[in-house]
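Residue numbers begin at 1 in each chain, while the letters A, B, ... track the order of the sequences.
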Amino acid sequence: MSVGNNSAPHLSGSCVNFGLIRDEARRELVHLLDKCHGSKALVWDQELTEQFGLVAEYSLLKEREVDRMFPLRTPRLPKSSVQHIIFVTRPVISLMDVIASNIRKEEEGDGFGRKEFHIFFVPWKSFLCVQKLEDLGVYGALTNIEDYHLDLIALDSDVLSMENHLNFYDNNISEDGTSLYLAAKAITRIQKQYGQIPMIYGKGKSCKAICSLLQKMWSEQGDVVGDEHPQIDRLLIIDRTADLITPLVTQLTYEGLIDEAYGISNTSASFPPEKFQTTSKSEDLMTEKKKIVLTSKDDLFTILRNCNFNAVGPTLKKQAKSISEKYEERHTAKTVGEMKQFVSHLPQMQQAKASLAVHTNIAELIKEFTDEDDFMESLSTQQEFLNGIGTDKVNPYIEDCLFRKQPIVQVLRLICLQCQTNNGLKPKVLEYYKREIVQTYGYKHLITLNKLEKCGLMCGTGTSWNYNTVRKSLRLVVDDINEKEPQDIAYVHSGYAPLSIRLAEILSHPGWRSIDEVLRIIPGPTVSGLQQFKPKKKWQGSINSEGSSPNTVTLVFFVGGVTYAEVSALRFLSAKNDGHEYLTATTNFVNGNTLIQSMVEPD
Amino acid sequence: CHIHDSFDTFRSDERVISLHSALDNFTKAKDDFGMKMTEEQLQLLREQSQLEQELDESFIEKSLHDTICSLLKINQLKRAEHLRKQFKLSDKRWWWLRITALAEQGNFAELENF
């Protein structure tokens, strides 16, 4: 049986083949499943099901005799006649209770004979969970307890994600080092696959710690293959705390806006179904949300995703025109040969047409979202702040939002942005906001405010950070931006260039030495050029079997999350074709809403 | 730290006791803002329980904003004014609340009077 990558060719389209990461994850899964001979049922921690979908499709599981799949929940499992029950779960204590009660119920017996129980922990088993299972008295009933190291998932040909959504919170609020350890492990996995990365750079709180973990892990590995040609030349670690502004600014790329409005998780987003009703079946109402997969598998989306939303309309129009032109070709086809050629293109054209319809619908939904008054007002408030206008006093629009009791996340997002662009707020202003928030949303949000201050999103004056200096010397605000034919990464926010990506751009050219002063202002330590080893010179022009490119390849690893707009900006830099290519790896995806939501006390 | 400990328990039935211990901790930590907010919260709880006795409506768990909002909706202008003074509500917020409440009631005659 092959566990090859045939089913996911869209992962291998980049200068480094990320499909290999998926292959390895599949191999490990099959190996684990094969440890249990006979028919199996998988019981899923629901958080993991979507992630698994990106690694292994059902047919692969079926080949390994997985007959049934259940969601993990109380009180008990549905009846089945399988020999093995395998729980696939994150190492979360509360889930251990659910597993234990499931096992007990199952052991009380039904008519189907004895079953064996197993647990696969993703991405690793924690000592506390094992302890908990012992305390609950089910440890003895388990045949196998395994780790399944699914710590890195290839979301696209140029994006790897750990899909660890708690990373920012763990790092900055709970101060739990586990997430850093896992991040270092993930990077080590990349290095094992693609060769040790010669140079490491980094900015922000955790980069030093990760660097030392990396070196330790690499030396513990023993048989190091150092002389191979590394496929990645540089690693740039960016801790989210070094650039808190970017996620707070609304993303204005197509993919970014989809994420802001509907939320993208594990490469797909759910939309309200009304737009997607097919006319033929308009009788039966679709009540379920329409789920659409958004990856480079879809040719049209590959173009659209990185566009500023203002350029999406024209692009869709152009696409529509080119499809109808192709259809027209059938009239000019005269010979049998030409007809045959036309027919052979048909399936492709139909697919293009379907995808065009889907994206026209999505674009309409996004248009509605961006046309709302609050969206426009919030955007212009953001632009003012980014230009350093009126950041030092209470903002009237924020006040309005408070008094109208708009969603708390929306209000906090603007206040945090004001904090960042004003180098912290004056005590009077900050206290006013805080008091108004408690009065509007309730006393419990004192905790929310505390957390925001702890991670630095909200702060008073007295930090070394100076937005205006950084803005000027790194050209974060670009005035004449052409959204349709962008010249600068600032197009992703219609005029604001993400600080994180500007750092990556400058690292490639002219180098960080030129911005020493600025790097000192940006929070957190700097790692500027840690040489792991000296690589042999690359053979220019000769493409070896592993397909390494003559370009300098930089892997940017974001600790604490990356936005879709930032990924688009990196793609824009790669497409410039100036000898530098960029790949993204991240602990997870964030936007201003998800970042702040994780701090907000639940109702 | 102390503050977080007391936060975690303030949900319980003994919320007044927990709030007092939170107040203690804020004082120890010299967190003036936290102290002030906690004092106000205690005061709000007192007002709310009194309101619940007088009126047939639930106010517990509501923020100051929501409390005044519900008072206005059931035409308890006097009591709302009382809270406004007690908590030194900004004028802007007060008028926003008044207008929103009137609009929701569909009381356009009164709105015209502004």
One should read off an interatomic distance between B/S90 OG and A/L402 CG, to the nearest 0.5 angstrom, of 9.5 Å
Those residues of residues 374-389 of chain A that come under 4.5 Å of chain B on a heavy-atom basis, listed by number, are none
For A/D371, does the CG atom have more than 12 heavy-atom neighbours from other residues, nucleotides or ligands under 6.0 Å away? yes
Residue part contacting chain A, namely of B/T67, when any heavy atom lies under 4.5 Å: neither
Part of A/E436 within contact of chain B (heavy atom distance under 4.5 Å): both
Can you check whether B/F33 reaches A/L446 side chain to side chain, under 4.5 Å on heavy atoms? yes
From B/L44 atom CG to A/Y443 atom OH, the distance as rounded to the nearest 0.5 Å: 11.5 Å
Ordered numerically, the heavy-atom neighbours of chain B under 4.5 Å found in residues 403-429 of chain A are A/F403, A/R404, A/K405
Which atoms of B/K62 come close to chain A, meaning under 4.5 Å heavy atom to heavy atom: side chain ones, backbone ones, both, or neither? neither
For A/G442 against B/S63, the heavy-atom pair lying closest together: N-CB, 3.3 Å
State, yes or no, whether a side-chain contact exists between A/Q439 and B/M37 at a heavy-atom distance under 4.5 Å. no
Check: B/H65 main-chain N/O paired with A/T440 side-chain donor or acceptor under 3.5 Å: no
Would one find more than 12 heavy atoms of other residues, nucleotides or ligands at under 6.0 Å from atom CZ of A/R73? no
Is the closest basic N to carboxylate O distance between B/E40 and A/R435 below 4.0 Å? yes
